[in-house]
Amino acid sequence: MGTGSSDKNYLIELDCSRDLAAIFILVYHFIIESNTAGYIHFSPFILQMFSFWGSIGVNLFFLLSGASLTHRWQNRWNLKEYVKGRILAIYPDFWVIFFSLFVYGEVLHGNNASVPKRKLIFSIIGVDGYMQQFTSTFYKIGEWFLGCLLILYFLFPIFRYFVSPNKRTFFGGSILFLFWLIGPSLCLPYDGNHMVLGQAFVFWVGMLLSQLFGRKYNCKQLVFCGVICGVLALLYVPTKYIAFFSAIFIILFAGVSAQYLKKLPYSIRLFIRLFSKQSYRIFLIHHVLLVIVIIPRAILYAWHPIFTFIVYFIFCIILSALLSYISKPVALLLKTLLDY
């Protein structure tokens, strides 16, 4: 998720990492949904491999969210400005898509008639996907990820007190690490990995990583993280932990490569930045676009999978750019109401 940093503080390594995370998620959902719909049939090994890619993408997004926010607010802090900024960054795009789908599905076609209308509050707040495993909601977009991230945004002002090198940080980090390890077990029968207890530690580690931005990365950090990934893989440790360290590895590798990324042709650097800027909108659009539009058309017209993915990728970019214009009036109205 972008945080809107200025050109002076622009870091291409963050955009590259965010772009890679978005691509991992796009590929993961394309593979999984294509297999579910019977469009393409994959072996369990292939499905597991791409599920691992999806896990890396999710870890990357949580790490980058914590890192980007900390990088932006490291030298200044204003709670009111922070809250207003998060509202403007999240809700205009979300509300435009959600209520468009809500009017079409619920108002015009009577979908989810049994769901109490009071639960629309979950959708307005943006946590309906997060709450879906606990109760029925009007979930359309955002999945569990958005709700989890919104709660972490709420906790961010508290987490800021646990990023300095002191005993308080060690204690707070230890608690979050413990929740990361055993939180999913505590949340049974629910999926704890898709809850705040399962992701707060990842978000917090991203906040710690922000202290490396703009500095010369130490290659020893990269090697160390790579060795951990390799050892965990050899020990057949659950992919949750390998995916976490793989995501850190990608961020560190992007940091080491920053000097070379800055020398890429202008057109490539521009695409990297614009794609990263649209990553949140792509996240909102991609799944519903894939399931409702792309895969049914691919099955109907017998498209080749590679062609289908290219069409899917292009439409994600086009629709996200279109959404940025459509949601502008909502954003302007919110700015006026919030006096931002």
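- Side-chain contact check for H194 and E143: no donor-acceptor pair (N or O, by modelled atom type) lies under 3.5 Å.
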Under 3.5 Å, side-chain donor or acceptor atoms of residues 309-325 against the rest of the protein: list the pairs with distances, not counting sequence neighbours.
from: S320; atom 1: OG; to: C316; atom 2: O; distance (Å): 3.1
from: S320; atom 1: OG; to: I317; atom 2: O; distance (Å): 2.7
from: S324; atom 1: OG; to: A321; atom 2: O; distance (Å): 2.4

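- Judged by distance alone, the side chain of W95 and the main-chain N or O of I124 form a donor-acceptor pair under 3.5 Å.
- For Q48, the side-chain hydrogen bond (donor to acceptor under 3.5 Å, both in side chains) test picks out no residue, with sequence neighbours left out.
- Looking only at atom types and distance, the side chain of S210 has no donor-acceptor partner in the side chain of R72 under 3.5 Å away.
- In this structure a side-chain-to-backbone donor-acceptor pair under 3.5 Å is missing from H71 to A67.
- The main-chain N or O of I306 is found under 3.5 Å from a side-chain atom of H304 such that the two form a donor-acceptor pair.
- A side-chain donor-acceptor contact under 3.5 Å links N166 to the backbone of T169.
- In terms of modelled atom types and a separation under 3.5 Å, the side chain of S276 and the main chain of R273 share no donor-acceptor contact.
- A cation-pi arrangement, defined by a distance under 6.0 Å to the six-membered ring centre and an angle within 45 degrees of its axis, is present between R160 and W77.
- With hydrogens and angles ignored, the 3.5 Å screen pairs a side-chain donor or acceptor of Q133 with a backbone N or O of D191.
- F145 and F62 have tilted rings, their planes meeting at an angle from 30° to 60° on a 0 to 90° scale.
- Panel note: side chain D93, backbone R281; no donor-acceptor pair is recorded below 3.5 Å.
- Of the listed residues (W53, F283, F52), just one forms a ring pair (Phe, Tyr, Trp, His ring centres under 6.0 Å) with F24, and that residue is W53.
- Here the two rings, on F102 and F138, have centers that are under 6.0 Å apart.
- By the 30° and 60° cut-offs, the orientation of the rings of Y301 relative to W303 is parallel.
- Partners of T36 under the side-chain hydrogen bond (donor to acceptor under 3.5 Å, both in side chains) rule, at least two apart in sequence or in another chain, do not exist in this structure.
- Applying the side-chain hydrogen bond (donor to acceptor under 3.5 Å, both in side chains) test to S123 and every residue at least two apart in sequence or in another chain returns D128.
- Using a distance-only test at 3.5 Å, with no hydrogens or angles considered, no donor-acceptor pair links the side chain of T135 to the main chain of M131.
- With sequence neighbours excluded, no residue satisfies side-chain hydrogen bond (donor to acceptor under 3.5 Å, both in side chains) with Y82.
- For the residue pair Y39 / T308, a side-chain donor-acceptor distance below 3.5 Å is found, with atom types taken as modelled.
- With hydrogens and angles left out, the side-chain atoms of K240 and S55 include no donor and acceptor closer than 3.5 Å.
- Here the side chain of Y280 pairs a donor or acceptor atom with the backbone of I90 at under 3.5 angstrom.
- Remark: E106 pairs with K140 by the salt bridge (Lys or Arg N to Asp or Glu O under 4.0 Å) rule, at least two apart or across chains.
- Judged purely by atom type and a 3.5 angstrom limit, Y91 has no side-chain atom pairing as donor or acceptor with the backbone of A331.
- Considering every non-hydrogen atom in both I125 and L150, the closest pair reads O-CD1, 3.3 Å.
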